Q: 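Quick one: this structure, given as structure tokens, is what I'll be asking you about.
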Amino acid sequence: MLINWQAPEHVYLVCGKTDLRKGIDGLAMVVAENFGLDLYNNSLFLFCGSRNDRFKALYWDDEGFILLYKRYENGSLRWPKNKSEVKELKPEQLK
């Protein structure tokens with residue numbers, strides 16, 4: 001199943017650099033241990049590594065976690081640097 005980007009009620013940017021070698025379990029632990037957010041409440045979590053041209057996304061679809069990896073061929077992302085924060089995006093910001 002592919003993610004309908006309008007379906008998640010909450011979209012969170014995990015600020016700062018995240019080790020993108022982590023898989024589903026490792027990224028879920030980052031969210032649960034550092035931010036205390038519920039992983040199962042229709043939320044999409046976005047993580048960026050040290051390179052600003054790629055990111056990972058973690059999403060629970062009521063059957064299991066989906067892990068997405070995206071790499072931009074032309075351009076890069078502007079990612080917040082404060083690693084102790086999570087920022088919730090508004091739907092129009094996700095676009």
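This structure is a prediction, so every number in the text was calculated from the model and none was measured. FYI, side chains are in, hydrogens and waters are out, and symmetry mates aren't considered; it's all heavy atoms of this structure.
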Q: Evaluate Tyr12 against Ser43 for side-chain contact (heavy atoms from CB on, under 4.5 Å), listing each step before the verdict.
A: CA-CA 7 Å; Tyr12 296 102; Ser43 297; 3.7 Å; yes
Q: Heavy atoms, side chains only, cut-off 4.5 Å: are Leu58 and Ile66 in contact?
A: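 When only atoms from C-beta onward are counted, Ile66 and Leu58 do not touch, as no gap falls below 4.5 Å.
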Q: Working to the nearest 0.5 angstrom, can you tell me the gap between Thr18 OG1 and Asn34 CG?
A: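 Separation between the atoms: 9.0 Å.
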Q: I'd like to know if Ile24 and Leu37 are part of one continuous hydrophobic network [Ile/Leu/Val/Met/Phe/Trp/Tyr, side-chain heavy atoms within less than 4.5 Å].
A: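 Yes, same cluster.
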Q: Check whether any side-chain heavy atom of Asn42 lies under 4.5 Å from a side-chain heavy atom of Trp60, and answer yes or no.
A: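 No, too far: nothing below the 4.5 Å cut-off.
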Q: Between CG of Leu44 and CG of Asp61, what distance do you get to the nearest 0.5 Å?
A: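 Taking CG in Leu44 and CG in Asp61, the distance rounds to 12.0 Å.
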Q: Side-chain heavy atoms under 4.5 angstrom apart, residues restricted to Ile, Leu, Val, Met, Phe, Trp, Tyr: same cluster for Leu67 and Phe47?
A: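 Linked within one cluster.
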Q: Does any part of the side chain of Tyr72, heavy atoms only, come nearer than 4.5 Å to the side chain of Arg54, both counted from C-beta?
A: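 Arg54 vs Tyr72: side chains apart.
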Q: So do the side chains of His10 and Asn41 get within less than 4.5 Å of each other, counting heavy atoms only?
A: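 Yes; the side chains approach each other to less than 4.5 Å.
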Q: Using a 6.0 Å cut-off, check whether atom CG of Asp25 has over 12 heavy atoms from anything other than its own residue.
A: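 Open.
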Q: Quick check: does any side chain N or O of Lys56 sit under 3.5 Å from a backbone N or O of Leu20, one acting as donor and the other as acceptor?
A: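 Judged by distance alone, yes, a pair lies under 3.5 Å.
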Q: So among Tyr40, Tyr59, Phe45, which one has a ring pair (Phe, Tyr, Trp, His ring centres under 6.0 Å) with Phe65?
A: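 Considering Tyr40, Tyr59, Phe45, a ring pair (Phe, Tyr, Trp, His ring centres under 6.0 Å) with Phe65 is found only for Tyr40.
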